[in-house]
Amino acid sequence: MTVLVLALIAGAVIGLALGALGGGGSVLAVPALIYLLGFTPVAATTASLIIVTATSATALYAHTRDGNVAWKTGALFAAAGIVPAFLAGAVAGRLPEAVLTAAFAVIAALAALRMLRTSASAPPDRIRPGKAAGAGAGLGAVTGFLGVGGGFLAVPALVGVLGLAMRRAVGTSLLVITVNSLAALAARTGTGGGLHWEIIGPFTGAAILGAWDGKRLATKISGTTLQKIFASVLLAVAAFMLVDVIV
């Protein structure tokens with residue numbers, strides 16, 4: 001199977017995850033770029049931010065049309081995370097790759113366990129700025145540090161901390177992912193040597209198309225089922241990454 005075909009398949013799967021689950025794109029993109037397409041870890045995290053930024057912005061538009069974005073909550077989250085994402089992104093390039101991979105896996109597993117314990121609830125009557133800003137700052141730092149969009153943490157935070165319903169959390173997380181990814185990408189400018197645009201281009205195109213299909217899929221699946229799928233994907237990826245670090 002050629003590299004181009006692998007890029008198209010991986011991009012479609014990642015776009016489907018982002019469109020349907022509001023996250024999971026980077027957590028799948030980074031391993032795919034490293035293990036399937038031969039990117040170095042540094043280049044993979046940078047390329048992943050490029051892919052996820054474009055795909056998330058597309059999926060955000062689709063969810064906005066259906067009114068599934070809590071703009072005030074998402075804006076607080078995103079604004080609070082910009083500076084932490086930029087600073088953490090600058091620091092991450094100085095740490096050993098094994099440390100970053102292990103941290104990535106542990107955080108993904110914790111987020112998955114939280115999602116399995118959290119039930120989708122009705123949106124809160126009012127936004128709590130302190131909670132939104134605090135969670136957003138933490139999310140931004142993780143986004144910059146690990147080189148991911150942060151949706152796999154944004155969705156659990158929006159559901160568990162702020163009480164958004166699952167479907168609304170999915171749409172809102174895409175706003176947060178887009179902003180945080182742009183900030184983290186800015187911090188990594190000049191550090192993504194080895195980027196292969198002939199692979200990133202088709203990968204991104206397939207991911208964007210997949211996001212539209214994922215958004216349609218999200219309208220046919222209950223919030224509880226989405227949570228279980230989301231958590232299962234996170235646990236599987238976390239286990240794979242941990243095994244890779246240990247072995």
Side-chain angles (χ1 to χ4, degrees), residues 1-3 5-18 20-52 55 88-89 91-118 138-139 141-157 177 181 184 188 191-196 199-200 203 206-207 210 214 225-247:
M1 188 176 293
T2 66
V3 171
V5 172
L6 286 173
L8 291 172
I9 293 173
V13 171
I14 286 158
L16 193 68
L18 275 168
L21 304 175
S26 290
V27 86
L28 298 175
V30 172
L33 288 165
I34 294 173
Y35 299 114
L36 294 180
L37 301 174
F39 279 54
T40 65
V42 172
T45 54
T46 303
S48 146
L49 287 169
I50 295 171
I51 294 162
V52 171
T55 308
V91 171
R94 306 174 187 275
L95 297 176
E97 292 173 355
V99 172
L100 293 177
T101 302
F104 183 98
V106 170
I107 290 175
L110 291 175
L113 293 174
R114 183 182 180 88
M115 284 296 288
L116 288 174
R117 295 197 305 267
T118 303
L139 178 65
V142 171
T143 297
F145 187 70
L146 299 180
V148 299
F152 69 108
L153 295 174
V155 172
I177 293 169
S181 295
R188 287 167 176 262
T191 64
L195 292 179
H196 301 289
I199 297 175
I200 295 174
F203 197 121
T225 301
L226 279 175
Q227 282 181 260
K228 290 180 179 179
I229 294 172
F230 191 78
S232 298
V233 171
L234 288 184
L235 284 174
V237 172
F240 177 82
M241 298 295 274
L242 281 173
V243 168
D244 184 60
V245 171
I246 295 171
V247 176

**Request:** Please identify each residue that fulfils side-chain contact (heavy atoms from CB on, under 4.5 Å) with Ala7, with sequence neighbours left out.
**Result:** Leu37, Ile199, Phe203

**Item:** side chain to side chain contact (heavy atoms under 4.5 Å, CB included) between Leu33 and Ile51, intermediate numbers included
**Value:** CA-CA 11 Å; Leu33 288 165; Ile51 294 162; 4.3 Å; yes

**Prompt:** Hey, does Ile14 have a side-chain heavy atom less than 4.5 Å from the side chain of Thr55?
**Reply:** no

**Item:** Pairs satisfying side chain to side chain donor-acceptor pair (under 3.5 Å), at least one member in residues 233-246, at least two apart
**Value:** Tyr35-Asp244

Let me check something: any side-chain donor-acceptor pairs from residues 104-112 under 3.5 Å, sequence neighbours excluded? List them with distances.
none

Tabulate below the donor-acceptor pairs under 3.5 Å that side-chain atoms of residues 234-242 make, not counting sequence neighbours, or state none.
none

**Item:** Closest contact, heavy atoms only, Ala32 versus Ala10
**Value:** CB-CB, 4.1 Å

